[in-house]
Amino acid sequence: MESTFKDLRGGASVLDMDPKHTVGGGVEDVYGEDRATEDQLVTPWTISIASGYSLLRNPNHNKGLAFTEKERDAHYLRGLLPPVVLKQELQERKLMDNIRQYQVPLQKYMALMDLEERNERLFYKLLIDNVEELLPVVYTPTVGEACQKYGSIFKRPQGLYISLKEKGKILEVLKNWPVRTIQVIVVTDGERILGLGDLGCQGMGIPVGKLALYTALGGVRPSACLPVTIDVGTNNEQLLNDEFYIGLRQKRATGKEYADLLHEFMTAVKQNYGEKVLVQILQTIMLFDLLAKYGTTHLVFNDDIQGTAAVVLAGVVAALKLIGGTLAEHKFLFLGAGEAGTGIAELIALEMSKQTKAPLEETRKKIWLVDSKGLIVSSRKNSLQHFKQPWAHEHEPVKNLLDAVKAIKPTVLIGSSGVGQTFTKEVIEAMASFNEKPLIMALSNPTSQSECTAEEAYTWSQGRTIFASGSPFDPVECNGKIFVPGQSNNAYIFPGLGLGLVISGAIRVHDEMLLAASEALAGQVTKEYFEKGLIYPPFSNIRKISAHIAANVAAKAYELGVATRLPRPENLMKYAESCMYTPNYRNFR
Ligand SMILES: NC(=O)C1=CN([C@@H]2O[C@H](COP(=O)(O)OP(=O)(O)OC[C@H]3O[C@@H](n4cnc5c(N)ncnc54)[C@H](OP(=O)(O)O)[C@@H]3O)[C@@H](O)[C@H]2O)C=CC1
Ligand SMILES: CC(=O)C(=O)O
Ligand SMILES: [Mg+2]
């Protein structure tokens, strides 16, 4: 009875097969692991066949009380389980009942993480079938609190930790991970976790959470996902003084030391996993530099800049049905000119330019941004970071948001500053004074950092605002009417976009693919949702939405000549759906 998942380097495990053995883009499940039905038997592969006690302790194969009588006999499980046999559906109901008993969201988070470590398929079944209820637990806002308290709730390490101590050895560290056929890596250095700032090594909760969504929402197989935290220290004094802090106890390395470690990581990734592995870099203040440096050599994608841009553009395009006009007829004002703000602004300007054939320099003039020093205007140009410079339009200086709203008179107001309560009553009232239906998007996460609540947006505008936020808000009653706020979160985009890249075997991400993803999302908002004032489809349809996004993105990858999975599948939507992981239990022979 060989134990589970350890050191597969020396053996010929399925998971250790050379990546070229997987078909084309790779998520295709050549071993039939995921597509096995009740009458199709599969082998519980590890380095050898897991059985007995080790089978129960292996989260990839464990089915708990769902092991059948036959399986209990065949796999030495007799006596190791109580006599009852429960179907997966009943296990799911029981666990959801348990989770709903917890009053504190962090307890729900911990219960779900425990489940993932015990029984991966059941974890994903819960997540997929109860996505609207559980998304706020495994993702924003609860994941923010989990990162803040990671040191004390930490039980078993998840993902790979690569710190300055591993400098010179990163390739070896990657080889320590038990699976070789990785398709998606999500990596952070923990410096800008949601709107919560520098959480150092504890930022690991974010790659873990985002990858859970790749699987649950986008259908990328869990074994193909790798969460990574690059630990170069932290400037968070509270963490540095916390005796339970799990990361390097030093100030952040910057400059060459940081760049060298990142470069070693990116080089090792390509060497170990090849050119088609998607590296999603996020929640670091170094994003623009990293995207510029690796965008032409690796398949890199950033969800703070690119994913957020695609989701917001989709929301705005869909909202035009409610607020009227074409994209280019609207005027945008952002609070926050960082990664999210300038990334969204650029994609909106690009789409306007495509639609109107006007040069990008012209369409950018429809978009204004406010940063911590006020409105970005031409007189500030020399002191602005490079990514803000395209937005420095002619205007006299304006110090604060309210004055900027009054001066610019935008039709769309977008919050991406990470600072809560900044869309004050005066700001919303001003928006409502010159717009019949102002579009207001409070993107900052988690909920505590939201620019305003849904209730505030609706009540301060007498129910006229079209509202969406980064973290979810419950429906609100205003003037006797129920308003359902939308959630504008890059979680709509990255799982489907990632799936599209993986199934087409794409080797680069282009802006055109982001526009394709955005268009597919906007196309999923139907009349029924518009009637409720929604500008995004419900998350409960996310697997279908992700398949549409994946198909559109893959089609664009083929069109641009960056897809390597040949020949191109005829029906990309069907192909995307057929590649998606499903968490139903397999039957063991
Ligand atoms: N809904 C979603 O899907 C997503 C939401 N976000 C959220 O957006 C927020 C920002 O993220 P990101 O862009 O990556 O962060 P950055 O740190 O890159 O940018 C923050 C920007 O906000 C500005 N800012 C900070 N404080 C103020 C203030 N008091 N008044 C005006 N401007 C201010 C900063 O100004 P300066 O440049 O002068 O320092 C900077 O331009 C976070 O809360 C994050 O959670 C991010 C990605 C996706
Ligand atoms: C959602 C996300 O990526 C953020 O808040 O930064
Ligand atoms: Mg930033």
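In listed order, ligands and their atoms are each counted from 1. Please read all numbers here as calculations on a predicted model, not as lab measurements.
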Give a yes or no on whether K406 atom NZ has more than 12 heavy-atom contacts from other residues, nucleotides or ligands under 6.0 Å away. no
Run the side chain to side chain donor-acceptor pair (under 3.5 Å) check on S444 and E451 step by step: do they pass? CA-CA 7 Å; S444 292; E451 284 76 9; 2.6 Å; yes
Can you sort out which atoms of ligand 2 are near R192, meaning under 4.0 Å from one of its heavy atoms? 6 (O)
Is there any N or O on A340 that sits under 3.5 Å from an N or O of ligand 1? yes
Given side chains that start at C-beta, do those of N552 and K556 come closer than 4.5 Å, heavy atoms only? no
Ligand 1 N/O within reach of T308 N/O, cut-off under 3.5 Å: no
For ligand 1, is there an N or O atom under 3.5 Å from any N or O atom of V370? no
With the threshold set at 4.0 Å, does a side-chain nitrogen-carboxylate oxygen contact exist between K354 and D511? no
At a 4.0 Å cut-off, with the gap strictly under it, does some heavy atom of R192 reach an atom of ligand 1? yes
For ligand 1, find out whether one of its N or O atoms is nearer than 3.5 Å to an N or O atom of N490. yes
May I have the step-by-step check of ring-ring contact (aromatic ring centres under 6.0 Å, His included) for Y214 and F494, ending in yes or no? CA-CA 7 Å; Y214 264 104; F494 67 80; 5.1 Å; yes
Under 4.0 Å to a heavy atom of L194 - the qualifying atoms of ligand 2, by number: 4 (C), 5 (O)
Taking distance alone, with no angle check, do S372 and ligand 1 share an N/O pair under 3.5 Å? yes
Could you go through residues 228-236 and list every donor-acceptor pair under 3.5 Å that involves a side-chain atom there, pairing it with any protein atom two or more places apart or in another chain?
| unit_1 | atom_1 | unit_2 | atom_2 | d |
| --- | --- | --- | --- | --- |
| D231 | OD1 | G233 | N | 2.9 |
| D231 | OD2 | L248 | N | 2.7 |
| T234 | OG1 | D198 | OD1 | 3.0 |
| T234 | OG1 | D198 | OD2 | 3.2 |
| T234 | OG1 | N236 | N | 3.0 |
| N235 | OD1 | R252 | N | 3.0 |
| N236 | OD1 | Q238 | N | 3.1 |
| N236 | OD1 | L239 | N | 3.2 |
| N236 | ND2 | D198 | O | 2.8 |

Side chain, backbone, both or neither: which applies to Q449 and ligand 1 if a contact is any heavy-atom pair less than 4.0 Å apart? neither
Is there a nitrogen or oxygen of G338 sitting under 3.5 Å from a nitrogen or oxygen of ligand 1? yes
Considering Q449, K210, E339 one by one, which has a heavy atom nearer to atom 3 (O) of ligand 2 than any of the others? K210
Taking atom types as modelled, find out whether N302 and Q280 have a side-chain donor-acceptor pair closer than 3.5 angstrom. no
Using a strict cut-off of 4.0 Å, indicate which atoms of ligand 1 neighbour a heavy atom of G470. 1 (N)
Among all the protein's non-hydrogen atoms, which is closest to atom 6 (O) of ligand 2, and how far away is it? Q283 NE2, 2.6 Å
Please check whether N489 reaches ligand 2 - meaning an N/O of the residue sits under 3.5 Å from an N/O of the ligand, judged on distance alone. no
Where ligand 2 meets N490 - atom numbers and elements under 4.0 angstrom, heavy-atom basis: 1 (C), 2 (C), 3 (O)
Can you confirm, on distance only, whether ligand 1 has an N/O atom lying under 3.5 Å from any N/O atom belonging to Q385? no
Using a strict threshold of under 4.0 Å (side-chain N to carboxylate O), is an ion pair present between E394 and K381? no
So if I count the atoms of ligand 2 from 1 in the order they appear, which ones are less than 4.0 Å from some heavy atom of D304? 2 (C), 3 (O), 4 (C), 6 (O)
Can you see whether N435 engages T411 through a side-chain donor-acceptor pair at a distance of less than 3.5 angstrom? no
Filtering G374, G307, S444, S417 for the heavy atom nearest atom 20 (C) of ligand 1 leaves S417
Proximal atoms of ligand 1 relative to G336 (non-hydrogen, under 4.0 Å): 21 (C), 22 (O), 23 (C), 41 (O)
Kindly give the heavy-atom pair with the smallest separation between I376 and A392, and that separation in Å. CG2-CA, 3.8 Å
One finds that the ligand 2 atoms under 4.0 Å from a non-hydrogen atom of Y139 are 1 (C)
Is T308 touching ligand 2 with its side chain, its backbone, both, or neither, if touching means heavy atoms under 4.0 Å apart? neither
May I ask you to list the atoms of ligand 1 that are less than 4.0 angstrom from any heavy atom of A337? 21 (C), 40 (C), 41 (O)
Of all the atoms in ligand 1, which lie at a distance below 4.0 Å from a heavy atom belonging to L335? 31 (C)
Ligand 1 versus S488: contacting region, heavy-atom distance under 4.0 Å: backbone
Of V311, V419, L194, which has the heavy atom at the shortest distance from atom 28 (C) of ligand 1? V419
Under a plain distance cut-off of 3.5 Å, with no hydrogens placed, do D129 and Y124 share a side-chain donor-acceptor pair? no
Report the relative orientation of the aromatic rings in Y492 and F539; use parallel for angles under 30°, tilted for 30 to 60°, perpendicular for over 60°. parallel
For the student: nearest non-hydrogen atoms of M513 and V553, plus distance: O-CG2, 3.8 Å
With T284 as partner, the option from D289, D304, D189 fulfilling side-chain hydrogen bond (donor to acceptor under 3.5 Å, both in side chains) is D189
Between F434 and K409, is there a cation-pi geometry (under 6.0 Å to ring centre, at most 45° from the normal)? yes
Does NZ belonging to K425 count more than 12 external heavy atoms closer than 6.0 Å? no
Can you find an N/O atom of K388 closer than 3.5 Å to an N/O atom of ligand 1? yes
Give the residue and atom name of whichever protein heavy atom lies nearest to atom 5 (O) of ligand 2, and the separation in Å to one decimal. N445 ND2, 2.7 Å
